Structure formats: structure tokens, C-alpha cells
Number of protein chains: 2
Amino acid sequence: MSSHPQLCHSDCDDCPIRHRAVCAHCDTSELEELEQIKYYRSFEAGQTVIWSGDQMSFVGSVVSGIASLTQTMEDGRTQMVGLLLPSDFVGRPGRDGAPYDVVATTDLVMCCFRKKPFEELMARTPHIAHRLLEMTLDELDAAREWMLVLGRKTAREKIASLLSIIARRDASLTKRGMSGPMVFDLPLTREAMADYLGLTLETVSRQISALKKDGVIHLEGKRHVTIPDMGRLMEEAGDDTDGGFLV
Amino acid sequence: MSSHPQLCHSDCDDCPIRHRAVCAHCDTSELEELEQIKYYRSFEAGQTVIWSGDQMSFVGSVVSGIASLTQTMEDGRTQMVGLLLPSDFVGRPGRDGAPYDVVATTDLVMCCFRKKPFEELMARTPHIAHRLLEMTLDELDAAREWMLVLGRKTAREKIASLLSIIARRDASLTKRGMSGPMVFDLPLTREAMADYLGLTLETVSRQISALKKDGVIHLEGKRHVTIPDMGRLMEEAGDDTDGGFLV
DNA sequence: AATGGACCTTGACCCAGATCAAGTAGGACC
DNA sequence: GGTCCTACTTGATCTGGGTCAAGGTCCATT
């Protein structure tokens, strides 16, 4: 927590990332006000947090686990339109209905703020409003980057893109750097990856096997991944070799 | 203009949509301030308005013509990640670099505001900041809806989705209703449609021919489209038959 | 240690859409 | 009226990824 000392107070350990997403610059009285309207919710893997069309009564952020934003067609085809990792923010201040399902992809703990009072706080706290706009622009950038993945990349490039996103996020959350080999556990099933990438689970499986055979990744078991050379992975993803590290 | 009387002042005819995107509720002094920092720019079809990575010195909105947000891979594959129709807003207040190219897809006129003073105005005018957040959330919703199109729809459904978006936007801009047959000119080449849909131009052409043969659309020349039955088109798009009309 | 079930892998085959290649339509300009 | 050019169409063929089907692996439960 050393990099965000201003966030740290009593219950840091309880919910280490709880305020990072919302208010990196909140003063004490604002933090206390947030404290008042804060509560935690847990979900089991597979549970739906919010149904598309429902009223959303809270905003909040992911403490642990993974949630995903999912759109479904009548015939059952589904597409994940967003992946929420720990510290990511969920919610649409000023809006009522959810435009898509929010699903707990793993066991999930969320730190929530009641929506009405949060909006009121936001209305009289410009820097929170500003922060919300920032976060929304970030989400928009991520969504548009993903449109390129969905529209133009091959299956192999799609897998490599997903792996590099997860690896990067994991590195930044655990404060390990990006140099040297990266090691992490895949938090998604093959099917969830397929839904995120616009593929079938069989194709995901085949491409992961191929990347493994080619030495781009190592696998222990089905989920434990080692990436010996991050640059190589990003080439496989078809990304500009630089730049991507910024996200 | 009758539905937005508060926007109408001297130069309504000159730039009818100029403020609609930004400030439906601005008072006179705010409008005058905007007036001071406003200027127009014109582009020819094919010109690049902003290069990815460039500093953006303005925010603004499209007066006439079409612009598109485009991402390109090193090998030339390109994906449109946004379509800017008249009255749509461009710009990222609080951010400097553009994350993708903005390209004039047809001849284009934009109404721009100088960025620095616009941001200052925004900082002390909460309802403008709020409006910006609203617009960004709308863009995010649109981007995510498009992710479903890119990831899970067939070529035929993709074309139908694009046509119904254009038809709806056209209807709302010209204030014609959605009842009865819809008539409009396609503002995009087959290639631009392909770039938006993650297809090749040949596939676009074939699917348009197929929709025509099946009576879902009528074509006069290559661009003039009549949609006899909007509901039918939306079924072809695989959309929920209701709801979509809201956008 | 056997059973069951979720998750994953691999093979065989198929098809939607890409690719390659001609050709057509229509507008601008001489 | 011809010729050029850009935008589009259509056909023939190929292929990446989908579909269908058969196992395999790893746990949790008994």
C-alpha cells in the first residue's frame, strides 16, 4: 500500500483496494462519508450479480475474484463485453437500468456503495465526478481496443491478447514488475475465455495447446501459466510491441 | 428545432446541431463563452482529422458528414471502433493523446471548441461535466453493443445491424418517425462497412445483395436504401425486437 | 479406491466467410 | 462519344474456425 498512503486507514487489510478505484485524492471527511454508505457482498462462481434491465442500487468495485459483463442473444449466443478484475469499478452513476448482465465468473467479493448517497456525494465533490469520467474513458478505451481484437484478430492472436491482458493486470495488482517471466493462474474457464474472445471453447483449447507447443507459454495443470518472454507473447498478439505496457 | 428552443439563437441555421451534444441546458452566459472558443473545420472525404497518438487540441461535434474512429494493425488490418454521425461528440476532456485515428469518411464539417478553455468551463460548470459523463456512458454502451455484433453475429446479421443503426439515426436526425418504410442514403462505402463490421468488402456486397433478393431492403443505385419493414430488418439483425428503438 | 462430474483435449468433418480473379456500372473529364 | 477511375458485383476456390463426437484428467464425495 506504500504507493497510495493517503488511502490507508484502519481497515486497509480488510479491503485493501476498496477506495483506490473511486477516490485516490479523497480527504478524511469524504472517506468517512463513503464509509457510512459502504457494505460488502459476496457471490459464488456462476451467480448473477445484476440482471440486464434491473435497477442497480449500488456502485462499487471488485475486492477479489472476477466478474464479467455479459450480453446474450435470444438463441443463447453470449458475448462478454467486459472483464472486471480486482479494483475495477462497476456502476453507472446517474443511470438506473443495467444494460447487460453482471456475472460472478469466480467466487466474488464486492465492495459496494449505496447508489443514491454516492451520487449525492459525487454531485458536490467535483474531483470524484472527474475521477468517474476518467474511469469511464478508460473503460471506453478498453472496449474499443477489444473491438479490434474481436473484429480483426485470428484465434491465436485473440488468445495471446487475452493472456497478455491478464498477465499485465496480475503484475500490476501484485506489484510484481513486468520484467522476467510472468507466472499466474488463469482465472477463467476455457468457456469463459471463448465468450470473451468470440470463439468456441474447443478453439480456445486448441490454440492454447498450440502456444504451449510453440514455447510461447508453459502450462502446469490446466490453469497455471508461465510466460517466459512477454515480448514474444505480445508479438503473437499482434500488438504494437510498445505502448501496451501502459495499460 | 422546436424541441430544443433554449438552444436556438442567432446562428441556428449556420450550425443547427452545434450545441445539442454539449449543453442542452446551458444558460446564456455559458453559451456566449462557448461561442468565444468555437470554430469550424472542414475536411475532405478520406482526410485524417486526428492521428492516433497526436495531441488533441479541441473537442467538438460533427455538423455534417461522417467521421470514424479507426484502429490499424501494423500489417494493415483495420477496424472501425466508432462511427460519428452529425451531432455526435468527439473528444476526451482531460486527456491529451488520441488513442486512435479519426478519419473523415465523407466530406466533413466539425464544430470545434478549443480544448483548454473548454476544460476550464467544464471544471466550473457541473452540468456540463455531468453531460460529458452521460455522453461517455452512451458511447460505452454503444461500443459494448457493437462487441456483441463483432464477436457473435453472422455476416448477414452484421449488415442488418448496421443498416438498422443508420436508419434509426437518420430517422432521429431528420425527425422523421420510425413508422412506415424508411428511406435513406448509405453514407459508407462497402469497404467502410466492412471495416466497421469486421468483414471483407466482398462479403458485405454479397450480403447486401442477399438482403435485397429476400426483400428485406430495396436498393436504387448502390446507395439509396428503402427498408419496407423495420421490424423485419431488426429480426434479421438478431436484436431483441423491442428496446432497440430507444437508442 | 471407486464413482461421478466438471473441465479440458483431441480428432474428423464441414461450412461461412476470406481470398483471388474477372467483370460491370456510373460519374468526371476530355 | 470515348476513356478512365472508383466503387461495386459476382464467381470459383480455399481455409480458419465451428460443430460433432469421443476420450482424458483432476477433484470431491462416498
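Only a predicted model underlies this, so the values are computations on that prediction, with no experimental measurement involved. Naming: A, B, ... by sequence-line order, numbering from 1 per chain.
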To the nearest angstrom, how far is [X] atom [atom1] from [N] atom [atom2]?
{"X": "Glu220(A)", "N": "dC26(D)", "atom1": "CD", "atom2": "P", "value": "12 Å"}
{"X": "Ile208(A)", "N": "dT9(C)", "atom1": "CD1", "atom2": "P", "value": "6 Å"}
{"X": "Leu211(B)", "N": "dC8(D)", "atom1": "CG", "atom2": "C1'", "value": "16 Å"}
{"X": "Asp195(A)", "N": "dC8(C)", "atom1": "CG", "atom2": "P", "value": "12 Å"}
{"X": "Lys222(A)", "N": "dG24(D)", "atom1": "NZ", "atom2": "P", "value": "12 Å"}
{"X": "Leu201(B)", "N": "dC20(C)", "atom1": "CG", "atom2": "C1'", "value": "12 Å"}
{"X": "Leu150(A)", "N": "dG17(D)", "atom1": "CG", "atom2": "P", "value": "13 Å"}

May I ask you to evaluate whether Ser205(B) reaches the phosphate of dT10(D), defined as a side-chain N or O under 4.0 Å from OP1 or OP2?
no

Taking 4.0 Å as the cut-off, does a side-chain nitrogen or oxygen of Arg223(B) come that near to OP1 or OP2 on dC8(D)?
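Looking at the OP1 and OP2 atoms of dC8(D), one of them is under 4.0 Å from a side-chain N or O of Arg223(B).
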
Are any of the side-chain nitrogens in Glu236(B) or Arg232(B) under 4.0 Å away from the carboxylate oxygens of its partner?
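Looking at Glu236(B) and Arg232(B), the cut-off is met.
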
Check ion pair Glu139(A)-Arg92(A) (N to O, under 4.0 angstrom):
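Here Glu139(A) does not pair with Arg92(A) in a salt bridge, since their nearest N and O are not under 4.0 Å apart.
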
Say whether Thr48(B) and Asp101(B), considering side chains only, have a donor N or O and an acceptor N or O under 3.5 Å apart.
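No - no donor-acceptor pair under 3.5 Å links their side chains.
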
Which nucleotide in dC20(C), dA21(D), dA25(C) has an atom nearest any side-chain atom of Glu202(B):
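Nearest nucleotide to the side chain: dC20(C).
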
Note: contacts of residues 185-194 of chain A with DNA chain C (heavy atom, under 4.0 Å) are Thr189(A), Arg190(A)

Show the numbers, then the answer: is there a side-chain contact (heavy atoms from CB on, under 4.5 Å) between Leu162(B) and Trp146(B)?
CA-CA 10 Å; Leu162(B) 179 56; Trp146(B) 209 248; 4.3 Å; yes

Test side-chain contact (heavy atoms from CB on, under 4.5 Å) on Val90(B) and Met110(B); report intermediate values, then the result.
CA-CA 9 Å; Val90(B) 195; Met110(B) 300 215 26; 3.8 Å; yes

Would you give a per-nucleotide map of nucleotides 12-18 of chain C, 5' to 3', where B means the base has a protein non-hydrogen atom under 4.0 Å away, S means only the sugar-phosphate does, and - means neither?
B----SS

Does Met230(B) form a side-chain contact (heavy atoms from CB on, under 4.5 Å) with Leu233(B)? I'd like the steps, not just the answer.
CA-CA 5 Å; Met230(B) 199 61 192; Leu233(B) 184 69; 4.3 Å; yes

Any Val49(B) side-chain heavy atom under 4.5 Å of Phe58(B) side chain:
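SC-SC contact between Val49(B) and Phe58(B) confirmed.
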
Starting at OG1 of Thr105(B), measure out to CZ of Phe43(B) and round the result to the nearest 0.5 Å.
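Going from OG1 on Thr105(B) over to CZ on Phe43(B), the span is 12.5 Å.
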
Here's a test for you: under side-chain contact (heavy atoms from CB on, under 4.5 Å), which of Ile208(B), Ile159(B), Thr226(B) qualifies with Ile217(B)?
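Running side-chain contact (heavy atoms from CB on, under 4.5 Å) over Ile208(B), Ile159(B), Thr226(B) with Ile217(B) returns exactly one hit, Ile208(B).
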
